[in-house]
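As structure tokens, the structure follows; a few thoughts come after it.
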There are 2 protein chains.
Amino acid sequence: MELDLPSASADPAFRRIPPHLLDGFVAHDLPRGCLFATPGDLRNQVLIIESGRLRVYLAGENRELSLSFLEPGDIYTTHTPTYVEAVVTTRVWLMETVAFARKLASDPSVTPVMMRVLGRLLVNAVNLIEDLAFREVPARLARFLTGMAERRGRPLDGGIWLLPLDLGTEDIASLLGSTRQTVSSLLNQWEREGILQRQGRRVFYIYQLDTLRRLGTPI
Amino acid sequence: MELDLPSASADPAFRRIPPHLLDGFVAHDLPRGCLFATPGDLRNQVLIIESGRLRVYLAGENRELSLSFLEPGDIYTTHTPTYVEAVVTTRVWLMETVAFARKLASDPSVTPVMMRVLGRLLVNAVNLIEDLAFREVPARLARFLTGMAERRGRPLDGGIWLLPLDLGTEDIASLLGSTRQTVSSLLNQWEREGILQRQGRRVFYIYQLDTLRRLGTPI
DNA sequence: GAAAAACTGTCGGCCAGCCGACGGACCTCG
DNA sequence: CGAGGTCCGTCGGCTGGCCGACAGTTTTTC
């Protein structure tokens, strides 16, 4: 087995991974559309994304629910009953969980990293449960947009936020547990109301972040 | 600080906890109804239940969603945004997560235990997400009952299953993300149809486990 | 043992939003 | 640059189930 090395031009988020953490991992290139994991898989693996994007999702009969999009620097473990698909060509570093358990035993510095990874996955899962159980789709969408604005957005003059978001309407609907018709309808209504504006599929301008916050927090 | 010891008559599931795992934990007795944790809590703790029962739940405006009922032997960590309430008088063993992190660093044998705990919580959370997103209440209830029958039930003669279940209708509804009216209506319909029978609030007799399995798996 | 509290069963109005369908717009590929 | 593929916008029928209300039953407390 040939041991690959991270390329020097790797994504900064991936380069922040402590080098010793990658010891024992093996690089794999996944073509776009590749279904990397399914719920019935018996092999559990730990994976770290170097480049590209993976979508983790659950499948219903007529639609899918995306739990997350994994990006460079993200760590994930596939023991949950989910599908994992490469949205674009993606390079990941993999280790079977059995081998990873040995790594944990021999290198205690890895433990806090993994506890944080699992903890974050758990918090995200609980937040999604809360959304699905208690919030209607408009509130979910508003919360999603305000959360992304706070994480990825850039404030411009006059209280306007620029939000680069490489997600289509169907992607957003999938993350919220809704349908593209419902999300499309809401986005267009909010555009007509002057709350936001869509520019192509990659950029939102948010004119009324406060209004979105209010929409995300029903009284 | 007085160090308590587990009583000799403790629940077998609790007594299966490795003794060294309890090192550093402190016993607390929580009265019935005690709200032990809320989403805003800044203190994150690891807890192990010796006796009693805790309910972990999310709160909406008009109802609650119970994520789980914790019982003797269960380990939980409160860093997710949930409420934790003592359903009956409950004795738990507690440690702050900061101290627990030091324990993990100094005693690597604890790591696999905690990885399994977090992993199980994650799998349960993902299963609930799948239910909420894709399954209607009858399917959720059927899956709940068949799952509990397989875990806690006892087969009797003639294909009948005895399922001791110390949960009221409202408890079951809360676990499924539904309302007591909906669950009550379904249980009574299934009783009229001869699929099951409720005996008091603590015991189900399941006459048609196959039918329940089918109801839990929509085509 | 009675009163109070808690839980359950039932009913029906109401509505959020899913989903199939269709046409248009945009993007990709050859 | 055109064809094909993919995505988006809109529409409206339909339905699952929430929830307020009320009465009855069971359990708990004193």
Side-chain angles (χ1 to χ4, degrees), chain A residues 31-33 55 58-66 85 87-89 131-142 165-193 196-204 215 218, chain B residues 31-33 55 58-66 85 87-89 131-142 144 165-193 196-204 215-216 218:
Chain A
R32 178 175 186 273
R55 180 168 77 100
L58 300 166
E61 286 176 42
N62 302 316
R63 64 185 160 82
E64 297 164 357
L65 173 67
S66 301
E85 172 193 51
V87 179
V88 295
T89 299
D131 266 4
L132 290 171
F134 301 126
R135 290 190 184 97
E136 299 176 351
V137 176
R140 287 184 227 161
L141 178 60
L165 198 58
D166 195 7
L167 292 170
T169 308
E170 193 136 19
D171 295 327
I172 296 174
S174 180
L175 282 167
L176 304 180
S178 180
T179 64
R180 64 170 189 79
Q181 296 95 321
T182 303
V183 170
S184 178
S185 175
L186 284 166
L187 287 174
N188 286 310
Q189 177 194 328
W190 289 346
E191 188 157 352
R192 287 192 293 276
E193 293 173 358
L196 57 77
Q197 186 176 30
R198 193 79 176 274
Q199 194 156 73
R201 291 189 194 157
R202 298 182 180 284
V203 172
F204 282 83
L215 289 166
Chain B
R32 178 172 184 273
R55 180 167 77 101
L58 300 165
E61 286 176 41
N62 302 317
R63 64 186 160 81
E64 297 165 356
L65 172 65
S66 299
E85 172 193 50
V87 179
V88 295
T89 299
D131 265 5
L132 290 171
F134 300 128
R135 291 190 184 97
E136 299 176 350
V137 176
R140 288 184 225 162
L141 178 60
F144 171 76
L165 200 57
D166 195 6
L167 293 170
T169 308
E170 193 135 20
D171 295 327
I172 296 174
S174 179
L175 283 165
L176 304 180
S178 179
T179 65
R180 63 170 190 80
Q181 296 96 322
T182 304
V183 170
S184 178
S185 175
L186 283 165
L187 287 175
N188 286 309
Q189 178 194 327
W190 290 347
E191 188 158 352
R192 287 192 292 276
E193 291 172 0
L196 56 78
Q197 185 175 30
R198 193 78 177 275
Q199 194 157 74
R201 290 190 195 158
R202 298 184 180 283
V203 172
F204 281 84
L215 289 167

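Letters A, B, ... mirror the listed sequences (proteins, then strands); counts begin at 1. Only heavy atoms go into these numbers, but all of them, side chains included; no hydrogens, no water, no symmetry mates.
For the pair B:Arg32 CZ and C:dA5 C1', the interatomic distance rounds to 11 Å; values are reported in whole Å.
Counting non-hydrogen atoms under 4.0 angstrom, B:Ser178 reaches the backbone sugars and phosphates but no base.
B:Thr169 and B:Arg180 share no side-chain donor-acceptor pair at under 3.5 Å. A:Arg32 and A:Thr89 share no donor-acceptor pair across their side chains, judged by distance under 3.5 Å alone.
Here the side chain of A:Arg180 is nearest to one of C:dC22, C:dT8, D:dC18, namely C:dC22. Taking only side-chain atoms of A:Asn62, from C-beta outward, the nucleotide of D:dC8, D:dG20, C:dC19 with the closest atom is C:dC19.
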Could you go step by step and tell me if A:Ser185 and A:Thr182 meet the side-chain hydrogen bond (donor to acceptor under 3.5 Å, both in side chains) rule? CA-CA 5 Å; A:Ser185 175; A:Thr182 303; over 6 Å; no
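Between the side chain of B:Gln181 and the base of D:dG20, a donor-acceptor pair under 3.5 Å is found.
Across the interface with DNA chain C, nearest-nucleotide mapping of A:Arg140 and B:Leu167 shows B:Leu167 to be the residue nearer the 5′ end.
Considering only side-chain N and O atoms, B:Thr169 lies under 4.0 angstrom from the phosphate OP1 or OP2 of C:dT8. OP1 or OP2 of C:dT10 has at least one side-chain nitrogen or oxygen of B:Asn188 nearer than 4.0 Å. Applying the 4.0 Å criterion to OP1 and OP2 of D:dC18, one finds that B:Thr182 has a side-chain N or O inside that range.
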